[in-house]
Structures are given as C-alpha cells and as structure tokens.
Trainee: 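Could you have a look at this structure, given as structure tokens, before my questions?
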Amino acid sequence: MKSLLLLCLVLWPLSVFSQDQPEYGLSGSVIVDEPVPETRDRLNRQAKSGAQEESELSVQSYVDSQERIAETFRRAIPDRIAGSARGED
C-alpha cells in the first residue's frame, strides 16, 4: 500500500506537467489594454506640458472678445431665434 501511495505521489506531479498548460492563466483569456486614441494622447501631452509663458492672443484681443461675449448675455433672448440669427427682426 505504501509503495502504491509513493508511486502516486511521484507520478502525480509528472502528469500535471505533461498536460497542456493554458496559454494565458487558468481562464485562457487575455485582458489587453485598449490603445490610447491619438487625440487623447495629444491632449495628455498638452496637459503635461504646462501653461504657456505667453498667450497666443494679445491682451487687447482677449479683452475685446470678453466684452463681446458679455454683451451677448446682456441682450434679451428673441422670441424667434432663427429670425434673429439671419438678421431678420
């Protein structure tokens, strides 16, 4: 009986190693990271680069654009938006 038990204990590891092992772990599936889209990659690089020392807009252009934006919020919303967008009142 002991010899049969010893034989089983010796042969069992050999039988385990002789079996085909799954290619990727026990489930046989692989979790692959999705590639980062080019746009996201560029945005990430831009975010890491930090703030620019100077703006692309002049100070006066920035002030003018902010004043124009503020003016649009001061005007009342017309009843017919389509007409006002074409210059019709």
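Index from 1, following the sequence.
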Trainee: Could you tell me whether Glu38 atom CD has more than 12 heavy atoms of other residues or ligands within 6.0 Å of it?
Mentor: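 Counting other residues, nucleotides and ligands, CD of Glu38 stays at 12 neighbours or fewer.
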Trainee: When you compare the side chain of Val63 with that of Gln66, does any pair of heavy atoms fall below 4.5 Å?
Mentor: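 No, side chains not in contact.
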Trainee: Let me confirm one number: the CD-CG distance from Gln60 to Asp64, rounded to the nearest 0.5 Å.
Mentor: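 Atom-to-atom, Gln60:CD and Asp64:CG are 4.5 Å apart.
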Trainee: State which residues pass side chain to side chain donor-acceptor pair (under 3.5 Å) with Glu67; sequence neighbours excluded, sorted by chain then number.
Mentor: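 With sequence neighbours excluded, Glu67 shows a side chain to side chain donor-acceptor pair (under 3.5 Å) to no residue whatsoever.
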Trainee: Checking Arg74 now: which residues fulfil side chain to side chain donor-acceptor pair (under 3.5 Å) with it, not counting sequence neighbours?
Mentor: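 For Arg74, the residues satisfying side chain to side chain donor-acceptor pair (under 3.5 Å) (neighbours in sequence not counted) are Glu71.
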Trainee: Test side-chain contact (heavy atoms from CB on, under 4.5 Å) on Gln46 and Leu43; report intermediate values, then the result.
Mentor: CA-CA 5 Å; Gln46 182 181 4; Leu43 289 171; 3.9 Å; yes
Trainee: Looking at residues at least two apart in the chain, or sitting in another chain, which of them share a side-chain contact (heavy atoms from CB on, under 4.5 Å) with Asp41?
Mentor: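 Result, side-chain contact (heavy atoms from CB on, under 4.5 Å) vs Asp41: Val36, Arg45.
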